[in-house]
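As a basis for the values below, the full set of heavy atoms in this structure was taken, side chains included, without hydrogen atoms, waters or symmetry mates. Order of the sequence lines sets the chain letters (A, B, ...), proteins ahead of strands, with each chain counted from 1.
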Number of protein chains: 2
Amino acid sequence: MSDIRVLLVDDHPVVRAGLRAMLADFPGVTVVAEAANGDAALVELSRLQTLGEPVDLVLMDLQMGSGMDGVTATEKIKAGEGGNPPPPVLILTTYDTDADILAAVEAGASGYMLKDAPPDQIRQAVLSAAAGQTALAPEVAARLMGRIRNPSPALSGREVQLLELLATGMSNRAMAKQLFISEATVKTHLVHIYSKLGVDNRTAAIAVATQRRIIRGH
Amino acid sequence: MSDIRVLLVDDHPVVRAGLRAMLADFPGVTVVAEAANGDAALVELSRLQTLGEPVDLVLMDLQMGSGMDGVTATEKIKAGEGGNPPPPVLILTTYDTDADILAAVEAGASGYMLKDAPPDQIRQAVLSAAAGQTALAPEVAARLMGRIRNPSPALSGREVQLLELLATGMSNRAMAKQLFISEATVKTHLVHIYSKLGVDNRTAAIAVATQRRIIRGH
DNA sequence: CCGGCGATCATCCAAATGGTTGATTCCCGC
DNA sequence: GCGGGAATCAACCATTTGGATGATCGCCGG
């Protein structure tokens, strides 16, 4: 059986070097190309396919300093824009906020690992994802489990989106413009968010959402 | 002349592997130890010194998932807690926010590089820092310049205190009670805070203050 | 095919927040 | 001792937010 052919996507040369070194120690895995962002990744994907050297797995960061972000790139890859058939996408990133995980999974990612994971965990994830299985970091899996077991009122995708804008300090009007909806709708969403989070104003909502890692607090 | 002896400090195994691989390509540089956080770094430093194998340079991330953060670790290293004489500390991190840079420089860091820097830039920085010189990433240098030209007004202690309560989601009335002052005073403070931070509402103030690390957002 | 939920919008009203002006006290530094 | 900044408070007014009610539309699952 031939090696798993991996495409690395990360905007940090240091991280790419680390993954390259790490994957070199895994038997059965070969890094065939690298890219610094989503745009470059799509280019690499189709380039490799036209060469008859398809990629078996994309290992990608979510946050990219410049160019297309990981979620968008994942969507495009899964839509077949990088050449068919689309390879599994394994997300390897720094943060484990609900919003990030949800977005990645919805975009079609096959796995979600954290960069502080030990090499062995990363190895397992790479092999699983390449084999078409789902690979979630224990922390991530636990979070999703807790979310299912706990009837903690789940925020809808739109509500999380609102929360994220909220945390940047935008007013209702600004959010309405940004999302192309009316202020009335923004207010409706906010009321729902407040009741689900058990708070009664926007700042408290941000505090709780940040604490529960629903959104990122950096 | 013997090699520059480097201690790597980063909570991500992937990043450590990347730096290790990268530094291995630099002639005259040897990685003698690694640590996942500030506490471990201090232990390593004194351990190596008692072994008569002192460290010439500490290459450290600012954000560490667990344990002592980079700024605190830098302070302690410079205070001689890792064994004397304290080695130069080169910060290699992801973010270039004003507060981060300031804090690192004030803590005594000899340099501040970004992880998305090309290997060559990192190599230069390592050599400079080990030679006792200051090494700043171009982006960072530019930012510091802009900061000196355009200094932002400092918040008073009371104002920071207000901000902290604000970030927990408290209303003006609640903060007034908590601080034993009137709502009017709370509002006055808030207005001052807004103008100093260049915002016009409380959520934006929290966003800016969190980003600048005036308050902690986690 | 029907019920429920998410997303959208409207209206009305009460409460909180934001902005302004002006004033007092205290303390620090020149 | 005087100027200035920090901290305190008041009164007023405009704007924003919060809360309640009700409604439409589209989609998904039983």
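The pair E44(A)-R47(A) counts as a salt bridge, with a side-chain nitrogen and a carboxylate oxygen less than 4.0 angstrom apart. The pair D10(B)-K115(B) meets the salt-bridge criterion, since a charged nitrogen lies less than 4.0 angstrom from a carboxylate oxygen. Salt-bridge annotation for D39(B) and K76(B): absent, with no side-chain N of the basic residue lying under 4.0 Å from a carboxylate O of the acidic one.
Protein atom CG of L162(A) is 12 Å distant from nucleotide atom P of dT17(D), rounded to whole Å. The CG atom of L166(B) sits 13 Å away from the C1' atom of dG18(C) (whole-angstrom rounding). Taking atom CD on E183(A) and atom C1' on dG18(D), their separation rounds to 13 Å, with Å as the unit. The distance from atom CE of M170(A) to atom P of dT15(D) is 20 Å, rounded to the nearest whole Å. Whole-Å rounding puts the N201(A) CG to dA14(C) C1' distance at 16 Å. Atoms NZ (K187(A)) and C1' (dT17(C)) sit 14 Å apart, rounded to a whole Å. As rounded to whole Å, 18 Å separates atom C1' of dC9(D) from atom NZ of K177(B). Atom pair E159(A):CD and dA7(C):P shows a separation of 6 Å (rounding to whole Å applied).
One finds no side-chain N or O of Y194(A) lying less than 4.0 angstrom from the OP1 or OP2 phosphate oxygen of dG19(D). Taking 4.0 angstrom as the limit, R173(B) places none of its side-chain polar atoms (N or O) nearer than this to OP1 or OP2 of dA15(C). Look at H192(A) and you won't find any side-chain N or O under 4.0 angstrom from OP1 or OP2 of dG6(C). OP1 or OP2 of dT8(C) lies within a sub-4.0 Å distance of a side-chain N or O belonging to R158(A). Taking only side-chain nitrogens and oxygens, T185(A) comes nearer than 4.0 Å to OP1 or OP2 of dC9(C).
Between dT17(C), dA10(D), dG18(C), one nucleotide has an atom nearer to the side chain of S182(B) than all others, and that is dA10(D). In the set dA10(C), dA7(D), dT17(D), the nucleotide with an atom closest to the side chain of T188(A) is dA10(C). Out of dG19(D), dA10(C), dG19(C), the shortest distance to the side chain of D200(B) is found at dG19(C). Set against dG19(D), dG6(C), dA10(D), the side chain of K196(A) has dG6(C) as its closest nucleotide. The side chain of N172(B) approaches dG18(C) more closely than any other nucleotide in the set dG18(C), dT17(D), dT8(C). In this structure, the nucleotide among dT8(C), dA7(D), dG18(C) sitting nearest to the side chain of L190(B) is dG18(C).
Residue D61(B) forms a side-chain contact (heavy atoms from CB on, under 4.5 Å) with just one option from D11(B), V9(B), L8(B), and that option is D11(B).
A heavy-atom distance below 4.5 Å is found between the side chains of V58(A) and I77(A).
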